[in-house]
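Take a look at the structure set out below.
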Amino acid sequence: METNLKKFNNSWYWKNYNKSSIVMRLLWIIVGNIFINSYVPLPISIKRIILILFGAKLGKGLILKPKVNIKYPWLLEIGDDCWIGEEVWIDNLAKVIIGNNVCISQGAMLLTGNHDYKKPTFDLIIGEIIVENGVWLGAKSMVCPNVICYDHSVLAVGSIATKNMESHGIYKGNPALIMNKRAMTI
């Protein structure tokens, strides 16, 4: 059996999962690239309004650095007092839910889509990502589809979470493995 990309078909995704209109997607590409995924120095309050107009659910106190790439804001929920670093990529073909007091450092990637390499048609596979309260995703780290980062877990710089991260666990590597427990002090 050989890969045959001519037969790739993800029409099921648009019919059953992401029912956004082509107009909405095109408008988001334009507006998102000008105001969110850019170095244009806009106040966070303006970025926030734009994201909400496109369907994102945002808590208060969001810090959104320049050049953040969000695939579909209508599939994004962010809680209170979160920091989203420069060049973060939220590739949310499926829902991404981010809790309160979450830090996503520069260049981190949240990837809700993948491909089934066992099928010649390279079918699209999607899965939600949940990042619970107090989580820290280090710079250039990556979270894969269907992963839950439980409360106060840490994903070290450059690490890749392919499985759920337990509460207060400190993870590093590829694939990320638990290395220690996060001790919280007052």
Can you run down the salt bridge (charged side-chain N to carboxylate O under 4.0 Å, His left out) pairs that involve residues 84-104, sequence neighbours left out, and say none if there aren't any? K71-D91, E77-K95
Do the side chains of V147 and T162 get nearer than 4.5 Å, heavy atoms only? no
Intermediate values then yes/no, side-chain contact (heavy atoms from CB on, under 4.5 Å), W28 and V23: CA-CA 8 Å; W28 172 245; V23 173; over 6 Å; no
Give, for atom CD1 of I98 and atom CG of L62, the distance between the pair rounded to the nearest 0.5 Å. 9.0 Å
Please tabulate, one pair per line, all N/O donor-acceptor pairs under 3.5 Å involving side-chain atoms of residues 43-57, not counting sequence neighbours.
| unit_1 | atom_1 | unit_2 | atom_2 | d |
| --- | --- | --- | --- | --- |
| K47 | NZ | L64 | O | 3.4 |
| R48 | NH1 | G59 | O | 2.5 |
| R48 | NH2 | L58 | O | 3.4 |
| R48 | NH2 | G59 | O | 3.3 |

Kindly compute the distance separating CG (L177) from NZ (K163), expressed to the nearest 0.5 Å. 9.0 Å
Hey, any chance I160 and Y171 share a hydrophobic cluster, counting ILVMFWY side chains that come within less than 4.5 Å of each other, even indirectly? no
Check T112, I78, I70 against V96 for a side-chain contact (heavy atoms from CB on, under 4.5 Å) and give me the one that passes. T112
Shared hydrophobic cluster, V157 / W83 (ILVMFWY, side-chain heavy atoms < 4.5 Å): no
Please lay out, stage by stage, how I148 and M165 fare under the test side-chain contact (heavy atoms from CB on, under 4.5 Å). CA-CA 6 Å; I148 300 172; M165 295 169 39; over 6 Å; no
Could you work out, with side chain to side chain contact (heavy atoms under 4.5 Å, CB included) as the rule, every residue matching W14, not counting sequence neighbours? N10, N18, S20, R25, Y72
Do any side-chain atoms of residues 116-130 form donor-acceptor pairs under 3.5 angstrom with protein atoms, and if so which ones, sequence neighbours left out?
| unit_1 | atom_1 | unit_2 | atom_2 | d |
| --- | --- | --- | --- | --- |
| D116 | OD1 | K118 | N | 3.0 |
| T121 | OG1 | D123 | OD1 | 2.4 |

Identify each donor-acceptor pair in which a side-chain atom of residues 131-143 lies under 3.5 Å from a protein atom, sequence neighbours left out, and give them as a table.
| unit_1 | atom_1 | unit_2 | atom_2 | d |
| --- | --- | --- | --- | --- |
| E132 | OE1 | D151 | N | 3.0 |
| N133 | OD1 | N100 | N | 2.7 |
| W136 | NE1 | S105 | OG | 2.9 |
| S141 | OG | G138 | O | 2.6 |

Do V102 and L75 sit in one hydrophobic cluster, given that two such residues count as connected whenever their side-chain heavy atoms are within less than 4.5 Å of each other, even indirectly? yes
Check whether S38 reaches the backbone of I34 with its side chain - one donor and one acceptor, N or O, closer than 3.5 Å. yes
The complete set of salt bridge (charged side-chain N to carboxylate O under 4.0 Å, His left out) pairs with one or both residues in residues 172-186, sequence neighbours excluded, reads E166-K181
Between H168 and Y150, is the ring centre distance below 6.0 Å? no
Single-linkage hydrophobic cluster, 4.5 Å side-chain cutoff, M179 and V154 together: no
Nearest 0.5 Å, please: how far is OG in S159 from CD1 in I170? 11.5 Å
With a 4.5 Å heavy-atom cut-off, do I90 and N69 have their side chains touching? no
Test item: D81 side-chain N/O and N101 main-chain N/O as donor-acceptor pair under 3.5 Å: no
Is any side-chain heavy atom of M24 closer than 4.5 Å to a side-chain heavy atom of W74? yes
Should L76 and L93 be regarded as members of a common hydrophobic cluster, given that ILVMFWY residues are connected when their side-chain heavy atoms come within less than 4.5 Å of each other, either directly or indirectly? yes
